[in-house]
Amino acid sequence: MNARECAFRALKRCTQQGSWSSQTLDSEIRRSSDGSESSQRDTALASRIVLGVLQNLYLLDFYIDSFAAKPDKLDPDVRNILRMGAFQLKLMDRVPPHAAVSESVELCRKYGYKSACGLVNAVLRKIAGPCPEPDSLSVRYSHPQWFVSRLTALYGEQFAEGFLAADNTEPAVDTHPGFAEGETYVQDNAAWEAVRMLSPQPGSRVLDVCSAPGGKSFTAAMMMENRGEIISCDIHEKKLRLVSEGAERLGIGIIRVFPADAGEYRPEFDSAFDAVIADVPCSGFGVIRKKPEIRYKTEQEIAGLPAIQRRILDNVSRYVKPGGKLLYSTCTVFPEENDDIVSAFLKDTPTYSLVSQRSFFPNTDNTDGFFAAVLERKV
């Protein structure tokens with residue numbers, strides 16, 4: 001396979017069609033790879049380029065716009081080729097500058113942009129030298145200004161910069177042997193810690209209302225010593241297959257999958273569970289390291305989430321037995337989806353009390369950004 005061609009096709013789909021990077025990369029790699037050792041190296045390079053460009057989009061465009069004569073006239077494909085070249089020149093240390101430039105020019109030729117070859121060559125040669133420094137955190141770390149302003153207002157500029165920098169690091173990859181044999185599974189420490197806070201007991205009955213792909217259900221099952229019952233639900237029935245397959249691979253026998261909408265009341269679940277896990281749909285701003293395109297969401301796109309989250313929390317709170325516990329969690333870092341939801345719920349629902357809550361951040365905890373609150377039903 002040709003790593004840069006694979007990366008170019010994937011970036012075109014991500015930046016121009018709104019495709020998710022992980023699925024797009026997987027499909028382009030399957031299309032291009034022949035399974036050879038060299039193909040595996042190309043796969044790693046293609047992945048690094050695509051994720052790196054998406055992580056640093058504003059910064060790369062800043063470099064390009066600093067040297068291109070008419071940056072607003074650039075064809076979107078040519079801009080992606082320039083982004084790829086600029087990323088290799090400024091943010092990768094193992095790609096010789098001449099290779100980054102020449103391969104970018106070759107992409108122009110191959111994909112029908114011969115007239116842009118001279119421009120690409122000239123701009124990238126300038127980018128290879130000294131470049132101006134951006135004067136804003138938004139450009140330097142490639143996050144929307146509204147996001148940077150919000151983060152700074154909440155946590156201060158020093159914390160915000162650390163958070164933004166952490167978002168642009170490569171996430172740790174679990175390479176422990178035994179995955180295929182069911183001896184291990186991959187889960188972020190924050191998600192594991194959230195289930196530990198809930199502390200499901202052996203022999204108990206647990207409901208995981210937004211379970212796919214199953215990590216929290218698996219962790220709960222292990223803490224329960226594979227004794228009791230876990231009903232793992234999800235609104236997307238196809239995704240439940242991931243839960244079933246994961247449980248089978250890990251040798252977990254107490255998980256039963258069930259298609260259900262967490263926001264719709266099911267009378268058969270009323271007061272039926274010792275513990276309920278509600279890892280609700282959220283903006284995902286805590287997992288930007290793993291899904292870099294999430295950072296480019298607008299305020300308008302996420303405005304309706306707190307209402308959905310509160311509706312789910314209100315609904316599933318009815319499923320907990322008196323004396324039982326409810327875990328509310330998200331993979332985001334803004335209070336309107338986290339602390340504010342829990343505080344308002346407790347104010348409106350006197351039958352519940354707060355047991356514990358915690359926020360996690362990539363720059364201070366070396367985990368995903370995450371929020372977890374354990375609530376107890378008193379009566």
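Since the model is a prediction, treat every value here as computed from it, not as a measurement.
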Euclidean distance, I255 CD1 relative to D208 CG, rounded to 0.5 Å: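 Atom-to-atom, D208:CG and I255:CD1 are 8.5 Å apart.
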Within the distance-only criterion (no hydrogens, no angle test), does the side chain of [X] pair as donor or acceptor with the backbone N or O of [Y] below 3.5 angstrom?
{"X": "Q309", "Y": "P281", "result": "yes"}
{"X": "K297", "Y": "S283", "result": "yes"}
{"X": "S149", "Y": "W146", "result": "no"}
{"X": "R295", "Y": "S142", "result": "yes"}
{"X": "R311", "Y": "G263", "result": "yes"}
{"X": "H143", "Y": "Y141", "result": "yes"}
{"X": "T349", "Y": "L346", "result": "no"}
{"X": "D261", "Y": "I235", "result": "no"}
{"X": "R83", "Y": "L57", "result": "no"}
{"X": "N338", "Y": "T332", "result": "yes"}

Could you pull out the closest heavy-atom pair between [X] and [Y], with the gap in Å?
{"X": "V139", "Y": "S136", "result": "N-OG, 3.2 Å"}
{"X": "S21", "Y": "L51", "result": "OG-CD2, 3.9 Å"}
{"X": "S217", "Y": "I230", "result": "O-CD1, 3.5 Å"}
{"X": "C210", "Y": "V280", "result": "SG-CA, 4.4 Å"}
{"X": "S329", "Y": "K216", "result": "OG-CE, 4.0 Å"}
{"X": "A68", "Y": "V123", "result": "CA-CG2, 4.0 Å"}

Is there a side-chain contact between [X] and [Y] (heavy atoms, below 4.5 Å)?
{"X": "L151", "Y": "F334", "result": "yes"}
{"X": "F345", "Y": "Y328", "result": "no"}
{"X": "C14", "Y": "E293", "result": "no"}
{"X": "I127", "Y": "S66", "result": "no"}
{"X": "L327", "Y": "M197", "result": "no"}
{"X": "F147", "Y": "I288", "result": "yes"}
{"X": "Q55", "Y": "F87", "result": "no"}
{"X": "E170", "Y": "R48", "result": "yes"}

Counting heavy atoms not belonging to [X], are there more than 12 under 6.0 Å from its [atom1]?
{"X": "E301", "atom1": "CD", "value": "yes"}
{"X": "D135", "atom1": "CG", "value": "no"}
{"X": "Q145", "atom1": "CD", "value": "yes"}
{"X": "R241", "atom1": "CZ", "value": "no"}
{"X": "K90", "atom1": "NZ", "value": "yes"}

- request: Fit a plane to each ring of F361 and F163, take the angle between them on a 0 to 90° scale, and name the class: parallel (under 30°), tilted (30 to 60°) or perpendicular (over 60°).
  value: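 F361 and F163: perpendicular rings.
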task: Can you label the angle between the Y155 ring and the F159 ring as parallel, tilted or perpendicular, going by 30° and 60°?
output: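 Tilted: the ring planes of Y155 and F159 meet at 30° to 60°.
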Is any NZ, NE, NH1 or NH2 atom of the basic residue among [X] and [Y] found under 4.0 Å from an Asp or Glu carboxylate oxygen of the other?
{"X": "E299", "Y": "R150", "value": "no"}
{"X": "R310", "Y": "D340", "value": "no"}
{"X": "K239", "Y": "D234", "value": "no"}
{"X": "D274", "Y": "R205", "value": "no"}

- prompt: What pairs of residues pass the ring-ring contact (aromatic ring centres under 6.0 Å, His included) test when at least one of them lies in residues 189-245, not counting sequence neighbours?
  reply: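 For residues 189-245, and leaving out neighbouring residues, the ring-ring contact (aromatic ring centres under 6.0 Å, His included) pairs sorted by first residue read Y185-F218.
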Would [X] and [Y] show up in the same hydrophobic cluster when neighbours are defined by side-chain heavy atoms closer than 4.5 Å?
{"X": "I81", "Y": "L59", "answer": "yes"}
{"X": "F370", "Y": "M223", "answer": "no"}
{"X": "Y58", "Y": "I64", "answer": "yes"}

Sequence neighbours excluded - salt bridge (Lys or Arg N to Asp or Glu O under 4.0 Å) pairs with any residue from residues 370-379: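 Residue pairs with at least one partner in residues 370-379: there are none.
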